[in-house]
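In what follows, a single structure is set out as structure tokens and then discussed.
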Amino acid sequence: MFRYIFKRLIFFIPVLWVIATITFYMVRMAPGDPFSDEKEMTEEVRDRIKAYYGLDQPLGKQYLIYLGVMAKEVGKHRVTFASGEDTKEYRREDVNATLRVTATGVVKTVQGDSQWLTRPLDQNATSGVREVEVFRRERSGLLQGDLGPSFKHKGKSVNDIIRESFPKSLELGLYSMAIALLLGITAGAIAALKRNTILDYAPMSFAMAGICLPTFVMGPLLVLVFGLWLEWFPVAGWSAWGAEGFFPEGWPGDRVLPSCTLGFFYAAMVARLTRGGMLETLSQDFIKTARAKGLSETRVVVKHALRGGLLPTVSFLGPAFAGIISGSFVIETIFQIPGLGRHFIEAATNRDYTLVLGTVLFYATLILMLNLIVDILQAWLNPRIRTQ
Amino acid sequence: MLFLSVLCAGCGKADKTNNGSGGGQSIEKGKQVLRLGNGSEPEGLDPQIVTGVPEHFILAALLEGLLGENPKTLAPEPGVAERWEVSEDGREYTFHFRANAKWTNGDAVKAGDFAYSYERMLTPEMATKYGYMLHVLKNAKGFNEGTIKDFSKVGVKAVNDRTLVLTLEEPTPYFLQLINHYSWYPVHPPTIEKFGGMTQRDSQWTQPKNFVGNGSFRLKEWKLNEHILVEKSPTYWDAAMVQLEKIYFLPITSAETEEKMFRDGQLHVTQTIPLTRIEHYQKKEPEVLRVDPYLGTYFYRVNVKHKALKDKRVRQALAMSINRYEITRFVMKAGQIPAYYMTPPDTAGYTSKAKFAFDPARARQLLAEAGYPDGRGFPKIDIYYNTSEAHKQVAEALQQMWKEILNIDIGLFNQEWKVYLDTVSKIKYDVARAGWIGDYNDPNTFLDMWLTGGGNNQTGWSNARYDRLINEAGQGSDSTARFEKFQMAEAILLDEMPVIPIYFYVSLSLVKTNVRGWYPNILDHHPYKYIHLE
């Protein structure tokens, strides 16, 4: 079993590499410029900004730098010496180092362990002003776990953005999943057991409606009824835990409507899948055997039928769970939730190359991991798969 | 929904004490905490890098320029400088700093800090998009473009810690308005140096734990897509005047969500209103609806190199066959003003005398003179616009009007934002929707963009006489003479019609009735030190 998991984990590497490569080139082929906006800038400004983010390099080199195979110049800054000045000592807070630079271009790290290089800039003879460019070479990319700076959100790295926004999507996703499973499996199982009765038709009609009703209709509808008319829940927002009390104490009420909107949608799918799976399992011989042996109906359903009946649901849940916890653009926009889902879409429309790549790779990793977990779960649920 | 009601049984009461509904994000009653809807997530908080309007709303709280502005009239008021003088020839401005102007870390705000900030803004390596805002300073353009290397040649001089002298290239009558733009705000040099130096673009200095500002508020929290929280700064020189304790800026991209949050009591002020809700507020709650004139024009660019559109009679015909009253009344609905010239009326006292009119008969005649009687032989042209419901509706209205009046076929071409920017920038369109918001209160900001080869021209249009008039008007100090030149220039623009004005923007917002000191003005600037909650 561990060997199997280990083999699967090793297999992640080429998959992620292929995804990274394809995305890297695809996003750069998209028309439009990450730095353009309604106010036009001069060509020179555009070129300099592109150079700052390394977009002036040949594509192949950019790719190797992104992967972290090739070193890039970082922390580039200028040191200016007035006439008569020869050395300067200053601190670099970003790497926690103190540097001493001479006008002739010798750099020494007085404190700290970062390695710095210099490059002389044009020396202005008349004013006696001399300038030296100081920089560091660093391999920092995918291999080192660095997803790079966001082009759009200045001063934030892609790692920061994912770290900040993913927990919110995850929290919302877990509530929604709980709602989806609770409602979906219960409704699906009951419908299968009470086939062709009102207990089948009613929940299945609801489920059909749930699938057909997109979240951007369901969301505002719930907001209108429970937020604006009944005033039970906030219409939008994402307040911190432990803020003003709601239900239960300290639990922010603004989670309810988005969780339900997302949860109902998945509940509908889970219900239909569970019903289908259960019906198929219930018609099988081993269920007849179980009943013939005189087992109680509860035991037949819970122990035997449900276990087999859940198989389609479980294989659906892997990718669905990855989708649900990595955030939904629609839900997050309607309910003003600072989750990861909005970054997916906004990064693409902003042509924020690094953020697009970062979110895609993050999502890919999630899917791969969850699929692995699903496979393990299925093996546990279904003896036939276990032997394969 | 049944499930929801079950879940909620018994919890409906707990939140009634709260304003509106449950949760911790509502307006706090009795406290001076302002909650503003602020459009989109700011690009950053570095005043020398960002370019947007949401950024303005935040930076105006965190930083203060040389001067402040009157919340009603926008007239210059003492800011960091307690007084200022202008030389006889209007080229030299001397600012005397107040002794108690402080950064949030306690340092005094010095003239040298402004000089450093302007150098940073203009340094070519920094590649600032708004560098051109400072080009009125002597030699600033040369330094910004790299032809002058020595910053001491630029017209910025810190005579001592409390005296800053700014020398201009030419007398610039709107200079004191111009320096209220955030591109003229100072940054704290030691902080900039500490986090990567002057030219670091994605510096960490803007993070809450590092930010050093000199405004009436200081940065407390910056949560991406969630909120930015600022709190009253104890080091601000006029702290006694500041009544608000905190301000939340919420980046809400969806106008529908923003309006619902306002209704739910989570916001004091919104940035916008969904088109569909305007009528409701006009009829039912006019006291919270604010519709104010705004320094902006909605217009269409015309590609003057296009085989049919290169004839100015065709462009005039297109302009004259748009019923702007119908567009503002039935499409935009919020009291936008039909535009028959480019510069919004009463921009710093200037209103264009030249104008055209809605005149279908004349339009048909012009089109016939251009060789397309009753639209015969006119090639099909496309209207390009970026994805937005409002842009689409305007484009559809134009398509219909041009078909009915001129009998010409128009296609609609919807493009995603970045693609649209690319199309317009490369002039690969026939007719393209556009908007322009003035950077400062002077006609120049609407008229100098049509100079030959100007970065924002993007129509291919060029007129030597127009260029000369605008250059002359940008420099004079006598406003009557300048406005005379702008009048002549605008008349040329309207005759040549490389752009077709559609309407003048209004700023639309919802403001709770307990917000005091939020005055309408043409730039939509609202200095926070004059605002309080009742």
Side-chain angles (χ1 to χ4, degrees), chain A residues 31-33 36-42 44-45 48-49 52 75 77-78 90-91 93-94 124 127 129 149 152-156 161 164-165 183 220 222-223 225-228 231-240 243-247 252-254 256 260 333-336 338 342 349 351, chain B residues 1 3-4 7-8 11-12 14-15 18 20-26 41 43-44 46 49 51 124-125 127-129 145 149-150 193-204 206-207 223-226 250 252-254 256-257 260-261 263-264 266 416-419 421-422 425 455-456 458:
Chain A
D33 171 349
S36 62
D37 57 35
E38 200 144 34
K39 289 211 161 102
E40 189 59 56
M41 56 193 137
T42 62
E44 207 197 336
V45 168
R48 282 191 192 273
I49 295 177
Y52 183 88
H77 60 281
R78 288 166 169 242
Y90 56 93
R91 268 197 69 66
E93 209 71 23
D94 50 345
N124 195 326
S127 66
V129 176
K152 171 75 181 174
H153 304 287
K154 313 278 188 314
K156 300 249 181 198
I161 292 175
E164 236 180 90
S165 55
L183 283 182
L222 292 182
V223 167
V225 176
F226 295 98
L228 292 172
E231 293 190 7
W232 285 355
F233 306 106
V235 297
W238 191 261
S239 46
E244 260 165 79
F246 188 65
F247 173 83
D254 47 25
V256 176
C260 289
T333 307
I334 295 175
F335 292 101
Q336 189 56 27
R342 274 163 79 179
T349 51
R351 304 290 187 273
Chain B
M1 279 184 215
F3 169 74
L4 257 185
L7 198 138
C8 201
C11 61
D15 55 80
N18 203 321
S21 53
Q25 291 216 336
S26 306
E41 174 67 24
E43 224 184 305
D46 190 326
I49 287 187
T51 52
E125 287 74 27
T128 55
K129 289 187 189 174
E145 286 166 358
K149 295 280 178 197
D150 187 357
E193 288 299 322
K194 208 161 102 179
F195 294 98
M198 199 183 243
T199 56
Q200 182 85 8
R201 282 188 72 85
D202 54 354
S203 163
Q204 292 296 306
T206 53
Q207 297 306 311
K223 295 188 172 170
L224 205 62
N225 277 350
E226 192 173 342
L250 287 90
I252 308 169
T253 41
S254 154
E256 280 79 17
T257 301
K260 284 185 186 125
M261 287 172 84
R263 265 202 278 172
D264 193 33
Q266 295 191 41
E416 185 247 9
W417 178 238
K418 291 279 185 182
V419 180
L421 286 176
D422 197 54
S425 163
N456 287 307
Q458 300 174 339

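Naming: A, B, ... by sequence-line order, numbering from 1 per chain. None of these values were measured; they are calculated from a predicted model.
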Which atoms of [X] come close to chain A, meaning under 4.5 Å heavy atom to heavy atom: side chain ones, backbone ones, both, or neither?
{"X": "B:E416", "value": "side chain"}
{"X": "B:S203", "value": "backbone"}
{"X": "B:E43", "value": "both"}

Below 4.5 Å, heavy atoms only, C-beta onward: do [X] and [Y] meet side chain to side chain?
{"X": "B:N225", "Y": "A:W238", "value": "no"}
{"X": "A:F335", "Y": "B:M261", "value": "no"}
{"X": "B:R201", "Y": "A:R48", "value": "no"}
{"X": "A:P234", "Y": "B:Q266", "value": "yes"}
{"X": "B:E256", "Y": "A:T333", "value": "no"}

- Query: Of the listed residues (B:T128, B:I252, B:T199), which shares the most heavy-atom pairs with chain A below a 4.5 Å separation?
  - Reply: B:I252
- Item | Choice from B:E41, B:Q200, B:E125 maximising heavy atom contacts with chain A below 4.5 Å |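 Going by pairs under 4.5 Å, I would pick B:E125.
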- Item | Under 3.5 Å donor-acceptor, A:E164 side chain and B:K223 backbone |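 Flag not set: sc A:E164 to bb B:K223 has no pair under 3.5 Å.
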- B:T257 side chain to A:I334 main-chain N or O, any donor-acceptor pair under 3.5 Å?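 Judged by distance alone, yes, a pair lies under 3.5 Å.
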Value rounded to 0.5 Å, distance of [atom1] in [X] from [atom2] in [Y]:
{"X": "B:Q207", "Y": "A:K156", "atom1": "CD", "atom2": "NZ", "value": "4.5 Å"}
{"X": "A:D33", "Y": "B:K418", "atom1": "CG", "atom2": "NZ", "value": "6.0 Å"}
{"X": "B:K260", "Y": "A:Q336", "atom1": "NZ", "atom2": "CD", "value": "12.5 Å"}
{"X": "B:L224", "Y": "A:R342", "atom1": "CG", "atom2": "CZ", "value": "9.0 Å"}
{"X": "A:K154", "Y": "B:D46", "atom1": "NZ", "atom2": "CG", "value": "10.0 Å"}

- Name the region of A:T42, side chain, backbone, both or neither, that has any atom closer than 4.5 Å to a heavy atom of chain B. neither
- Task: Side chain from CB out, backbone as N, CA, C, O: work out which of these in A:L228 comes under 4.5 Å of a heavy atom of chain B, or both, or neither.
- Result: side chain
- Item | Most chain B-contacting option - heavy-atom pairs closer than 4.5 Å, from A:P31, A:G155, A:G75, A:P149 | A:G155
- Message: I'd like to know if the side chain of A:D37 pairs up with that of B:T51 as donor and acceptor (distance under 3.5 Å, no hydrogens or angles considered).
- Response: yes
